[in-house]
A.B. asks: 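Let me begin by handing over the structure; questions about it come next.
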Amino acid sequence: MARRNGVMSEQLKEEIAKELGFYDVVQREGWGGIKSRDAGNMVKRAIEMAGRGMGDNERPH
């Protein structure tokens with residue numbers, strides 16, 4: 001099965017991993033070394049960030 005290109009930039013993933021406290025694992029073992037829970041939390045955090053970003057661009061009617 002072919003992998004799709006990631007939606008998040010490498011910089012964003014690293015930023016979130018640092019924020020959530022598992023970037024050291026990424027540095028040692030790569031992205032495949034993180035726990036599934038950490039990956040899920042990373043996605044959740046990215047969605048939260050995107051939601052706030054979209055809200056900033058809305059204007060009242």
Side-chain angles (χ1 to χ4, degrees):
M1 179 189 289
R3 288 186 171 218
R4 293 184 286 160
N5 289 336
V7 175
M8 286 192 280
S9 70
E10 194 70 18
Q11 182 179 357
L12 178 60
K13 290 192 297 188
E14 290 175 2
E15 177 184 324
I16 294 172
K18 288 174 185 175
E19 181 180 320
L20 297 177
F22 59 86
Y23 185 66
D24 59 324
V25 175
V26 174
Q27 288 182 307
R28 280 194 320 268
E29 302 176 30
W31 291 107
I34 66 172
K35 297 176 183 174
S36 58
R37 176 175 290 215
D38 290 334
N41 287 336
M42 190 169 78
V43 171
K44 181 179 175 182
R45 180 70 180 115
I47 291 169
E48 290 170 355
M49 292 169 75
R52 276 201 302 275
M54 290 174 60
D56 292 345
N57 294 330
E58 292 178 2
R59 292 185 177 161
H61 296 281

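We're numbering straight along the sequence, starting at 1.
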A.B. asks: With rounding to the nearest 0.5 Å, note down the distance linking CG in Asp24 to CD in Glu29.
C.D. replies: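 Reported to 0.5 Å precision, the distance equals 9.0 Å.
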A.B. asks: Any side-chain heavy atom of Arg37 sitting closer than 4.5 Å to one from Phe22?
C.D. replies: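 Arg37 vs Phe22: side chains apart.
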A.B. asks: Return the CD1 to CZ distance between Ile47 and Arg52, rounded to the nearest 0.5 Å.
C.D. replies: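 Going from CD1 on Ile47 over to CZ on Arg52, the span is 12.5 Å.
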A.B. asks: Are Glu10 and Trp31 side-chain neighbours, meaning at least one heavy-atom pair lies under 4.5 Å?
C.D. replies: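 Contact flag for Glu10/Trp31 side chains = yes.
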A.B. asks: Which atoms form the tightest heavy-atom contact between Met42 and Lys13, and what is the distance?
C.D. replies: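 Looking at all heavy atoms of both residues, the shortest contact is SD-O, 4.0 Å.
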A.B. asks: Carefully, step by step, assess Ile16 and Met8 under the rule side-chain contact (heavy atoms from CB on, under 4.5 Å).
C.D. replies: CA-CA 10 Å; Ile16 294 172; Met8 286 192 280; 4.2 Å; yes
A.B. asks: Between Lys18 and Glu15, is the closest basic N to carboxylate O distance under 4.0 Å?
C.D. replies: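 The answer is no: the pair does not qualify as a salt bridge.
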A.B. asks: Do other residues, nucleotides or ligands put more than 12 heavy atoms under 6.0 Å from Gln11 CD?
C.D. replies: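 Not more than 12 within 6.0 Å, no.
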A.B. asks: So Ile34 and Val26, do their side chains get closer than 4.5 Å, heavy atoms only?
C.D. replies: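 Val26 reaches Ile34 side chain to side chain.
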